[in-house]
Amino acid sequence: MTARPLPGAPVADALLARVAGRVSALPQAPRLALVRVGEDPASVSYVRSKDKKAHQVGLQSEVFALPESTSQTELLALLDRLNADVAVSGILVQLPLPPHISEEAVLLAVDPAKDVDGFHPYNVAQMWAGRAALNPCTPAGILELLDFYAVPVAGQRAVVVGRSEIVGRPMAAMLLARDATVTIAHSRTADLAAVTREADLVVVAVGRPHFLTPDMVKPGATVIDVGINRIEVEGKGKIVGDVHPDVAQVAGGLTPVPGGVGLLTVAQLMANTVTAAELVQDRG
Ligand SMILES: NC(=O)C1=CN([C@@H]2O[C@H](COP(=O)(O)OP(=O)(O)OC[C@H]3O[C@@H](n4cnc5c(N)ncnc54)[C@H](OP(=O)(O)O)[C@@H]3O)[C@@H](O)[C@H]2O)C=CC1
Ligand SMILES: Nc1nc(=O)c2c([nH]1)NC[C@@H]1CN(c3ccc(C(=O)N[C@@H](CCC(=O)O)C(=O)O)cc3)C=[N+]21
């Protein structure tokens, strides 16, 4: 057997087409503020692709590229200004931040109504209660993908491997809100393979190349590969996921890397930006 490929591009295209329609129904284009601190190459590249995609769907966007030496106070002052600016619908602070800046303090400083990452404690609490308007982009994008390919979620056994605040935990909360029976596995999980083999749906967000091997997967299960690992193969840079390619021999469906979840993360950010703008409009 070979798993059905579950590419992100058609899902992202469909989502972005809906976003573009919603943008044109608004009196003015929502504005997205993309804030990054320092020159981490991955962050520079992600922020650039988010900015480009925003313009493609008719959003306004602006990149605030601050030097590595920026103090926490200066960053918080920028966020205050963006919070107060009625023309700004969404604010994203790219992570990770330099070590001298507290991520907790920064995430707390973003107006929850403009928090298009869904990382503010208010939005995190709403998400666990199953009623958030702004959900973290990567797990929200994964749900879009599952729906697009008609992969059942309600009543299914889901195992999320990884418990980070940006992927694993919110993924578990959102699968729970969709009535899956959810297990969260992590580096201290005993006999991980036995746990993942129980799952109809496995989401892997560990950050280790080819971590999930075929012996860890129930035949026919759907496997979502969140990992983005930059490795060297024969002197060439390459991006690989957290799922071993041989998993395709066992799984029922499998997302590719690149070209899978990452595309949905960016598309969902655009959707969240329009949602934030609509919420303000609905409130009058
Ligand atoms: N495609 C996309 O849009 C995105 C991709 N990513 C990628 O996803 C991956 C994960 O990212 P992120 O969640 O931020 O990573 P983190 O490093 O924050 O978290 C990794 C998680 O994996 C767990 N883990 C590590 N080793 C093992 C192990 N041997 N067995 C079981 N669990 C283990 C850790 O457990 P513990 O908590 O016990 O330490 C931790 O919870 C990365 O490759 C990242 O680049 C991230 C965001 C978006
Ligand atoms: N505040 C904040 N919000 C985030 O959403 C956030 C963040 N910080 N920090 C880092 C992670 C990582 N992330 C990705 C975005 C796009 C791709 C992406 O476009 N991937 C493509 C291209 C491959 C690549 O170059 O990575 C693909 O998978 O096909 C991947 C990963 C968002 N993150």
Side-chain angles (χ1 to χ4, degrees), residues 6-9 11-12 16 32-38 40-54 63-64 75 79 90-97 101 103 106-107 110 114-120 123 134-142 144-145 159-172 183-196 202-213 216 224-231 237-243 255-273:
L6 307 172
V11 192
L16 291 168
L32 173 62
L34 296 163
V35 181
R36 69 169 164 81
V37 184
D40 170 57
S43 293
V44 171
S45 132
Y46 290 144
V47 167
R48 189 186 301 126
S49 66
K50 289 165 182 176
D51 183 46
K52 201 173 136 205
K53 195 58 75 184
V63 175
F64 297 84
L75 177 56
L79 294 176
I91 302 170
L92 177 144
V93 182
Q94 186 70 19
L95 303 177
L97 289 166
I101 298 179
E103 275 177 9
V106 168
L107 299 182
V110 174
K114 299 188 180 188
D115 170 34
V116 287
D117 258 333
F119 292 166
H120 188 284
N123 287 323
L134 296 171
N135 282 307
C137 297
T138 300
I142 289 169
E144 286 288 334
L145 181 134
V159 173
V160 180
V161 190
R163 55 173 161 181
S164 72
E165 288 184 53
I166 82 165
V167 187
R169 281 169 207 255
M171 182 79 260
T183 300
I184 307 174
H186 46 76
S187 69
R188 303 293 300 274
T189 296
D191 200 355
L192 179 62
V195 174
T196 54
V202 187
V203 180
V204 193
V206 165
R208 291 169 185 247
H210 297 171
F211 175 80
L212 192 87
T213 46
M216 301 168 82
I224 305 295
D225 189 353
V226 183
I228 302 278
N229 305 293
R230 283 159 223 276
I231 61 164
K238 206 181 154 196
I239 294 177
V240 300
D242 288 350
V243 175
T255 62
V257 175
V261 171
L263 301 179
L264 271 302
T265 298
V266 179
Q268 185 62 44
L269 175 64
M270 308 306 140
N272 280 0
T273 304

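All residue numbers in this chain count up from 1 along the given sequence. Whatever order the structure lists them in is the order used to number ligands and atoms, beginning at 1. What you see below is based on every heavy atom in this structure, not just the backbone, and it leaves out hydrogens, waters and symmetry mates.
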Mind checking whether Ala185 has a heavy atom under 4.0 Å from ligand 1? no
What part of Arg230, side chain from CB on, backbone N/CA/C/O, both or neither, has a heavy atom under 4.0 Å from ligand 2? side chain
Can you tell me which portion of Asp117 lies within the under-4.0 Å heavy-atom range of ligand 2? Options are side chain, backbone, both, or neither. side chain
Any atoms of ligand 1 less than 4.0 Å from a non-hydrogen atom of Asn229? List them with their elements. 43 (O)
Is it the case that ligand 1 has an N or O less than 3.5 angstrom from some N or O of Ser187? yes
Identify the closest protein heavy atom to atom 24 (N) of ligand 1: which residue and atom is it, and at what distance? Val206 CG1, 3.8 Å
Closest protein heavy atom (residue, atom, distance) for atom 29 (N) of ligand 1: Phe211 CE1, 3.4 Å
Nearest heavy atom to atom 7 (C) of ligand 1 wins, so pick from Val226, Ile224, Val204. Val226
Going by distance only, is there an N or O of Leu92 that falls short of 3.5 Å from an N or O of ligand 2? no
Closer than 3.5 angstrom, by distance alone: can the side chain of Asp242 be matched with the main-chain N or O of Gly207 as a donor-acceptor pair? yes
Where is the nearest protein heavy atom to atom 40 (C) of ligand 1: which residue, which atom, and how far? Arg163 N, 4.0 Å
Non-hydrogen atom of Ile228 closer than 4.0 Å to ligand 2: yes
Tell me, which protein residue and heavy-atom name are nearest atom 19 (O) of ligand 2, and how many Å apart are they? Gly262 O, 3.7 Å
Within the structure, does Gln94 bring an N/O atom to less than 3.5 angstrom of an N/O atom in ligand 2? yes
Can you sort out which atoms of ligand 2 are near Lys50, meaning under 4.0 Å from one of its heavy atoms? 3 (N), 4 (C), 5 (O), 6 (C), 32 (C)
Specify the protein heavy atom at minimum distance from atom 22 (C) of ligand 2: its residue, its atom name, and the distance to 0.1 Å. Pro258 CB, 4.4 Å
Look only at interatomic distance and state if Ser45 has a nitrogen or oxygen under 3.5 Å from any nitrogen or oxygen of ligand 2. no
I'd like to know if the side chain of Gln268 reaches the main chain of Pro136, judged simply by a donor and an acceptor atom lying under 3.5 Å from each other, with no hydrogens or angles considered. no
The one among Ile184, Val167, Ile239, Leu95 that brings a heavy atom closest to atom 11 (O) of ligand 1: Val167
Is Ser164 close to ligand 1, meaning an N/O of one under 3.5 Å from an N/O of the other? yes
Is the closest heavy atom of Gly259 to ligand 2 under 4.0 Å? yes
Any Arg36 heavy atom less than 4.0 Å from ligand 2: no
Below 3.5 angstrom, do we get any N/O pair linking Tyr46 and ligand 2? yes
If you define the side chain from C-beta out and look only at heavy atoms, does anything of Leu264 sit under 4.5 Å from Ile142? no
I need the atoms of ligand 1 closer than 4.0 Å to a non-hydrogen atom of Gly162, numbered in the order shown. 21 (C), 22 (O), 41 (O)
Within reach of ligand 2, part of Leu269 (heavy-atom separation under 4.0 Å): neither
Residue, atom name and distance, where the atom is the protein heavy atom closest to atom 24 (C) of ligand 2: Ile239 CD1, 3.5 Å
So, regarding Val93 and ligand 2 (criterion: nitrogen or oxygen to nitrogen or oxygen, under 3.5 Å), is there a contact or not? yes
Please confirm whether Thr189 comes under 4.0 Å of ligand 1, counting heavy atoms of the residue only. no
